[in-house]
Amino acid sequence: MNQNWTTETLFEALKDSDYCKAGQITIDLHHGSEQVIHIEAHDHGDLHMQMLASGGEVHVSTVLCHAEQVRDRATFNDACLRLNTLYPLSSFGLSKVDGEDVYTVFGQLSARAPLANVIEEIHTLGHNAVQAAGELHPHLH
Amino acid sequence: MAIIEKLLTMVRGTATEAGQAIVDKNALVILDQEIRDADAELVKSREALTRLMAERNLANSKLEAKNGKLAEYSDYIQQLLNKGDQALALDVAGKVAAMENDIADDKKLIAGMDTNVSKLQESVRQAQSTIDHLKRQVDTVKATASVQRAQESIAARSSGSNARLRTAMDSLDRIKEQQDLKDAQLSAARELEGQSDDSDLAKRLEAAGVKPGATAAQDVLARFQQKPSG
């Protein structure tokens with residue numbers, strides 16, 4: 001793959017992949033103000049992820065939890081940063097969705113990465129997010 | 001100022017509600033400006049480099065011409081000495097001396113130009129790398145903003161009474177439920193297996209003395225009853 005992925009070429013490639021055909025994920029291309037691939041990861045409790053290609057980068061993200069579910073934000077942030085170092089390929093983030101803070105787990109890779117790497121990223125993100133949910137669950141209300 | 005400091009300065013004091021959108025929007029504005037600056041820097045460095053390299057090549061061809069002249073005049077000195085024309089040879093030698101000094105100056109000048117060429121090449125390389133990094137950062141900020149908007153639209157679509165954006169915590173619950181269900185199915189299956197097992201029936205058959213080879217209490221009693229007494 002010498003050309004950069006676009007969200008659309010990535011969607012088509014994923015749709016044709018064994019990973020998708022075997023039913024490990026269901027994907028859906030959404031056309032809003034920009035195209036986004038919605039992923040439902042059946043190996044990981046039907047976890048929802050959003051994925052897109054932006055210039056030189058492929059970005060895939062999932063929502064870990066809503067900040068308002070968290071009992072003590074400082075403790076939770078600390079735990080997230082510590083866990084961050086333990087998970088391969090994924091990072092923890094904090095962003096605002098509809099004016100509300102949400103914790104995210106996301107992965108970034110080069111838009112020139114081969115499809116196998118993209119799939120590995122998705123699969124690892126699903127695994128990491130559910131693992132992190134298990135680790136961080138006691139910190140929620 | 002580092003980009004992150006600029007961002008923090010801009011965001012400081014803004015309402016947290018809109019904070020994230022401002023971060024993203026300003027990040028893009030700031031990054032775009034940084035890219036334009038770096039691009040302008042790159043164009044300037046490239047122009048300067050081209051000009052300097054042209055000047056250097058010009059100076060070098062002048063030097064080569066001077067070297068040719070020097071060889072020519074050195075040759076004259078030898079010829080004049082061979083002819084015994086000491087006076088004219090001395091005049092020519094004076095010219096050669098001046099030429100040698102001139103050439104030495106030119107060489108110094110060219111060496112200085114070479115140093116500047118490599119400095120400029122380095123700054124062009126750095127400017128290019130800065131632009132690449134900034135563009136990558138723009139891609140990241142744009143991707144993050146797009147994903148956020150996508151998540152917002154999902155949240156908006158599912159905004160029923162209790163419907164919310166599905167999180168990894170929900171998936172964890174789902175996995176636990178699935179596991180619980182599987183466990184329940186498994187233990188139900190085991191129980192069923194225990195019931196359908198022949199062992200229970202076999203025990204009752206044995207107790208009733210029907211099962212071949214088994215002796216029932218009734219049979220034993222019957223044996224005693226049939227024995228002639230006394």
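The shortest heavy-atom contact between B/S171 and A/L47 is OG-CA, 3.1 Å.
Annotation: the span from B/D170 atom CG to A/H66 atom NE2 amounts to 7.0 Å, rounded to 0.5 Å. Rounding to the nearest 0.5 Å gives a distance of 5.0 Å between CZ of B/R166 and CD of A/E40. For the atom pair CE (B/M169) and SG (A/C65), the distance works out to 4.5 Å, reported to the nearest 0.5 Å. How far CD of A/E57 is from OG1 of B/T144: 6.5 Å, rounded to the nearest 0.5 Å. Summarising the geometry, atom OG belonging to A/S95 is positioned 9.0 Å from atom CD belonging to B/E152; distances are rounded to the nearest 0.5 Å.
No option in A/Q50, A/K96, A/H48 other than A/Q50 meets the side-chain contact (heavy atoms from CB on, under 4.5 Å) test with B/Q151.
Residue contact with chain B, scored on non-hydrogen atoms closer than 4.5 Å, involves the backbone and the side chain of A/L136 alike. With a threshold of 4.5 angstrom between heavy atoms, A/V97 approaches chain B through its backbone and through its side chain. Only the side chain of A/H30 comes within less than 4.5 Å of a heavy atom in chain B; its backbone stays farther off. Of the atoms belonging to A/L52, it is side-chain heavy atoms, and not backbone ones, that fall under 4.5 Å from chain B.
The candidate with the highest count of non-hydrogen atom pairs below 4.5 Å against chain A, out of B/K176, B/Q178, B/R149, is B/R149.
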Requested in this report: Would you sort out whether A/V130 and B/I175 count as a side-chain contact (heavy atoms from CB on, under 4.5 Å), showing the intermediate values?
Outcome: CA-CA 9 Å; A/V130 172; B/I175 289 169; 3.5 Å; yes
